[in-house]
2 protein chains.
Amino acid sequence: MSQKQLGIEAGLDEFVASTRINRYEQGVHAPDFQIAMRLAEVLQVPVAFLYCDADEMAQMILAFHRASKPQRRQALAALQ
Amino acid sequence: MSQKQLGIEAGLDEFVASTRINRYEQGVHAPDFQIAMRLAEVLQVPVAFLYCDADEMAQMILAFHRASKPQRRQALAALQ
DNA sequence: GAACTAAGATTCTCTTAGCAG
DNA sequence: CTGCTAAGAGAATCTTAGTTC
């Protein structure tokens with residue numbers, strides 16, 4: 001998926017999508033939270049995943065998001 | 001813990017700490033990521049927790065952060 | 001096409017200076 | 001003291017207009 005297409009699917013104007021997504025990916029600019037949520041939706045990840053600073057946490061957030069309800073229940077139980 | 005004290009412990013100047021933390025808590029302004037990380041450290045939560053939009057995910061992030069290594073291993077295993 | 005960048009325009013946050021409980 | 005807010009100052013992102021591969 002191209003940077004332009006990602007931006008467009010997140011609701012950005014087609015003439016600015018490429019530039020803005022590129023700046024986000026490079027870490028030059030930061031999107032506001034509303035944009036971040038739309039990007040997360042397109043990418044099918046939880047928005048919190050986009051703000052992770054630790055690998056293990058990121059892995060867990062993704063796995064939790066993609067797991068079934070019983071799996072989530074078990075995971076939460078394991079953390080008590 | 002007061003808003004002022006939280007800001008100061010996160011490294012903000014004492015004369016602006018109260019105002020800025022208040023704006024963040026009210027959702028009027030958004031801190032940049034560097035400030036968010038320092039706030040998360042003071043609050044002893046993962047920075048991703050501050051960007052959660054779903055309760056179950058927030059609960060899991062917090063529990064994962066506070067769990068022991070074996071508990072984390074078990075939780076991750078439950079999500080496979 | 002696709003990834004990327006500079007720079008002025010625009011829009012945001014930040015600081016200052018307060019008020020109310 | 002604590003929570004909260006308005007408004008000008010300051011600093012960020014956004015749009016435009018490109019380059020490079």
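A, B, ... follow the sequence lines: proteins, then strands. Residue 1 opens every chain. Everything quoted here is computed from the prediction, not taken from an experiment.
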Can you tell me which nucleotide in C:dC4, D:dA6, D:dT2 comes closest to the side chain of B:Thr19? D:dA6

Report yes or no: does A:Arg72 contribute a side-chain atom to a donor-acceptor pair with the main-chain N or O of A:His65 at less than 3.5 Å? yes

May I ask you to decide if A:Gln80's main-chain N or O and B:Gln71's side chain share a donor-acceptor pair within less than 3.5 Å? yes

Answer with yes or no whether B:Ser18 presents, from its side chain, a donor or acceptor under 3.5 Å of a partner atom in the base of D:dT2. no

When the distance from [atom1] of [X] to [atom2] of [N] is rounded to whole Å, what number comes out?
X: B:Glu25; N: D:dT2; atom1: CD; atom2: C1'; answer: 12 Å
X: B:His29; N: D:dA12; atom1: NE2; atom2: C1'; answer: 12 Å
X: B:Arg20; N: C:dT15; atom1: CZ; atom2: C1'; answer: 9 Å
X: A:Ile21; N: C:dG1; atom1: CD1; atom2: P; answer: 19 Å
X: B:Asn22; N: C:dA17; atom1: CG; atom2: C1'; answer: 15 Å
X: A:Ile8; N: C:dG1; atom1: CD1; atom2: C1'; answer: 13 Å
X: B:Met1; N: D:dG3; atom1: CE; atom2: C1'; answer: 16 Å
X: A:Leu6; N: C:dC4; atom1: CG; atom2: P; answer: 13 Å

CD1 (A:Ile8) and CZ (A:Phe15) are apart, to the nearest 0.5 Å, by 9.0 Å

Atom pair CZ (B:Arg38) and CD (B:Glu41), whose distance is rounded to the nearest 0.5 Å: 9.5 Å

If you assign each of B:Asp13 and B:Ala30 to its closest nucleotide in DNA chain C, which residue comes earlier from the 5' end? B:Ala30

When you check the phosphate oxygens OP1 and OP2 of [N], does a side-chain N or O of [X] lie under 4.0 Å from one of them?
X: A:Gln26; N: C:dA3; result: no
X: A:Arg23; N: D:dT13; result: no
X: B:Tyr24; N: C:dC14; result: yes

Find which nucleotide of DNA chain D each of B:Asp32 and B:Gln3 is nearest to by heavy atoms, and output the residue with the more 5' nucleotide. B:Gln3

Indicate the ring-plane relationship of B:Tyr51 and A:Tyr51, choosing parallel, tilted or perpendicular according to the 30° and 60° boundaries. parallel

